[in-house]
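When reading the values below, keep in mind they use all heavy atoms of this one structure, side chains included, and skip hydrogens, waters and symmetry mates.
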Amino acid sequence: FFLFFPLLVFSLNSNQPLGFLENSDSKVQYYEILEKPPSQIEEIKGAPLQVGIPVNLNLSLEKIGNFNFTKEGKNFWQMGFYAPNFLWISFEFETFKIPKSARFFIFKDKNLYFEIPLGEDDFLVIPPFPSNRCVLEIDFQGTLEPFEMKLSTVVLGFKDFLGRSSSGPCQVDVNCPEGADWQNEKRSVAIVYFSGYVCTGALINNARKDCKNYFLTAHHCIGNQSLAEKTIFYWDYEWTECGGGDLNYSNYSKGADLRATNQASDFSLLELKDKPPYKFRLYYSGWTIDPTPAQGAVVIHHPSGDAKKISFEQHTLLKSGDFWKNPHYEIGTTEPGSSGSPLYNMDHKILGQLYGGVSACGNPKNQMWDIYGAFYVSWDKGKNSATRLKDWLDPDNTGLIEVDGMDSRVCYTGHPRPF
């Protein structure tokens with residue numbers, strides 16, 4: 001479970017919280033949450049994978065907790081949370097207003113603490129913290145100043161969704177030899193966490209190639225703005241070697257705006273709120289609106305919330321209404337958690353995103369099919385820009401039927417070298 005630590009979207013800081021210096025542990029007021037984990041959660045294709053239980057609290061934290069003072073005259077506030085029956089805790093604040101000079105920490109003890117970077121938004125999401133017990137702390141740099149923190153929801157984790165081997169035995173790591181030709185496209189793909197659920201999706205290029213950070217996933221995963229703004233994107237959660245090595249998942253983005261979505265072909269197009277740093281080394285996947293069934297296809301995904309995998313269909317795709325259907329996988333398969341993952345043709349262009357199906361490791365060949373929302377349907381079937389792709393991915397109405405992928409290095413001045 002402790003492999004989960006580096007996933008957190010926090011920055012480790014050498015300066016400890018003031019509470020450590022004052023040995024305030026014994027004074028912390030804990031809010032105990034006595035929810036019980038579900039006895040069984042049905043994991044099905046066509047639904048996001050649930051890994052935690054949201055609990056509505058609606059607590060105004062500035063009215064509770066402990067205010068403390070150091071010998072040097074500095075001030076800090078603390079509030080603890082404890083969910084004894086769970087693996088991890090995540091927090092969603094409706095309002096988060098603290099002085100710009102203050103510092104915000106979350107910790108379990110002196111061996112596990114993180115400083116949380118603060119943005120400009122009043123809304124703050126703290127992604128899964130790898131313990132069922134933690135303390136929130138605000139350190140004021142000078143005198144005590146007013147602050148407002150309305151905690152709307154706590155998510156209690158019952159599934160270690162970033163475990164070492166949570167997916168089926170037939171899954172193939174993206175850095176195995178089978179994935180050698182797909183090392184660009186893998187840099188588009190992210191596992192997305194939102195309010196106790198996980199899915200998959202991909203960063204996608206547009207006709208202007210102007211570095212707009214559009215992200216394609218499934219409507220049944222993220223179909224409204226409320227979820228989009230809470231979403232955490234982990235870009236490189238994968239084994240560095242085939243079946244082993246190190247797990248990379250330190251690069252993340254927080255929050256997005258929903259640009260378009262349509263249930264008919266089960267797509268959602270998001271735009272990241274912030275430009276990912278150059279060091280993430282991302283890739284904008286290409287796409288095609290050609291309605292001709294592709295001969296062979298590839299899907300890159302996070303089955304069961306596991307490290308990034310790759311699966312192959314070597315036969316011609318079939319049309320099924322507004323969806324593509326693959327006859328069966330020759331290599332790998334998909335699982336819950338793979339929802340929203342990009343389906344590529346053999347020219348490395350996105351054809352659609354995963355909706356659902358019956359495939360699973362160990363299934364007979366006639367039960368190894370999935371269906372993917374067709375990109376050419378999502379392109380212009382909607383009635384307006386909020387329900388179709390073309391207004392966003394070809395805003396100049398050039399009539400292009402396909403766009404190549406693009407390395408994100410071109411989006412940064414002063415970084416001319418390839419990754």
In Å, rounded to the nearest 0.5 Å, how long is the span from [atom1] of [X] to [atom2] of [Y]?
{"X": "Ile232", "Y": "Tyr252", "atom1": "CD1", "atom2": "OH", "answer": "8.5 Å"}
{"X": "Phe158", "Y": "Trp88", "atom1": "CZ", "atom2": "CH2", "answer": "8.0 Å"}
{"X": "Glu238", "Y": "Arg187", "atom1": "CD", "atom2": "CZ", "answer": "10.5 Å"}
{"X": "Leu317", "Y": "Ser320", "atom1": "CG", "atom2": "OG", "answer": "11.5 Å"}
{"X": "Asp210", "Y": "Asn206", "atom1": "CG", "atom2": "CG", "answer": "4.5 Å"}

Just jot down the ring pair (Phe, Tyr, Trp, His ring centres under 6.0 Å) partners of [X], sequence neighbours excluded, or say none.
{"X": "Phe91", "result": "Phe81"}
{"X": "Tyr344", "result": "Trp182"}
{"X": "Phe69", "result": "none"}

(message) Can you confirm whether Gln225 is buried at CD, in the sense that more than 12 heavy atoms of other residues, nucleotides or ligands lie under 6.0 Å from that atom?
(response) yes
(request) State plainly whether the residues Asp139 and Lys74 are in salt-bridge range, i.e. N to O under 4.0 Å. (result) no
Ignoring hydrogens and geometry beyond distance, is a side-chain donor-acceptor pair present between [X] and [Y] at under 3.5 Å?
{"X": "Glu335", "Y": "Gln171", "value": "yes"}
{"X": "Glu35", "Y": "Asn85", "value": "no"}
{"X": "His220", "Y": "Ser339", "value": "yes"}
{"X": "Ser341", "Y": "His301", "value": "no"}
{"X": "Ser304", "Y": "Ser167", "value": "no"}

(request) Check whether the ring centres of Phe20 and Tyr113 lie less than 6.0 Å apart, and answer yes or no. (result) yes
(message) I'd like to know whether the aromatic ring centres of Phe147 and Trp77 sit less than 6.0 Å apart in this structure.
(response) yes
Just jot down the side-chain hydrogen bond (donor to acceptor under 3.5 Å, both in side chains) partners of [X], sequence neighbours excluded, or say none.
{"X": "Asn58", "answer": "none"}
{"X": "Trp235", "answer": "Ser253"}
{"X": "Asn213", "answer": "Tyr284"}

(request) List in chain and number order the residues that pass disulfide (SG to SG under 2.5 Å) with Cys134, two or more places apart in sequence or in another chain; answer none if no residue qualifies. (result) none
(request) Output every pair passing salt bridge (charged side-chain N to carboxylate O under 4.0 Å, His left out) with a member in residues 361-386, not counting sequence neighbours, ordered by first then second residue. (result) Lys45-Asp370, Asp322-Lys381
(message) Do Arg133 and Tyr30 form a cation-pi contact, if we require the NZ or CZ to be under 6.0 Å from the six-membered ring centre and within 45 degrees of the ring's axis?
(response) yes
(message) Tell me which one of Phe96, Phe114, Phe140 satisfies ring pair (Phe, Tyr, Trp, His ring centres under 6.0 Å) with Phe104.
(response) Phe96
(request) Give me the one residue out of Tyr376, Phe375, Trp369 that meets ring pair (Phe, Tyr, Trp, His ring centres under 6.0 Å) with Trp324. (result) Tyr376
(request) Could you walk me through whether Lys186 and Lys308 pass the side chain to side chain contact (heavy atoms under 4.5 Å, CB included) test, one step at a time? (result) CA-CA 8 Å; Lys186 78 168 189 180; Lys308 197 172 296 179; 4.2 Å; yes
(message) As a quick check of understanding, evaluate side chain to side chain contact (heavy atoms under 4.5 Å, CB included) for Val155 and Ile53, giving each step before the final call.
(response) CA-CA 5 Å; Val155 181; Ile53 298 177; over 6 Å; no
(request) State which residues pass salt bridge (Lys or Arg N to Asp or Glu O under 4.0 Å) with Asp394; sequence neighbours excluded, sorted by chain then number. (result) none
(request) Could you pull out all residues at least two apart from Glu92 that satisfy salt bridge (Lys or Arg N to Asp or Glu O under 4.0 Å)? (result) Lys230
(request) Scan for disulfide bond (SG atoms under 2.5 Å apart) pairs involving residues 34-65, sequence neighbours excluded, and state none if there are none. (result) none
(message) How close do Ser338 and Pro303 get, counting heavy atoms only, and between which atoms?
(response) OG-CA, 3.4 Å
Donor-acceptor pairs under 3.5 angstrom involving side-chain atoms of residues 349-357: please list them, not counting sequence neighbours.
| residue | atom | partner | partner atom | Å |
| --- | --- | --- | --- | --- |
| Lys349 | NZ | Asp404 | OD1 | 3.0 |
| Gln353 | NE2 | Ser265 | O | 2.9 |
| Gln353 | NE2 | Asp266 | O | 2.9 |

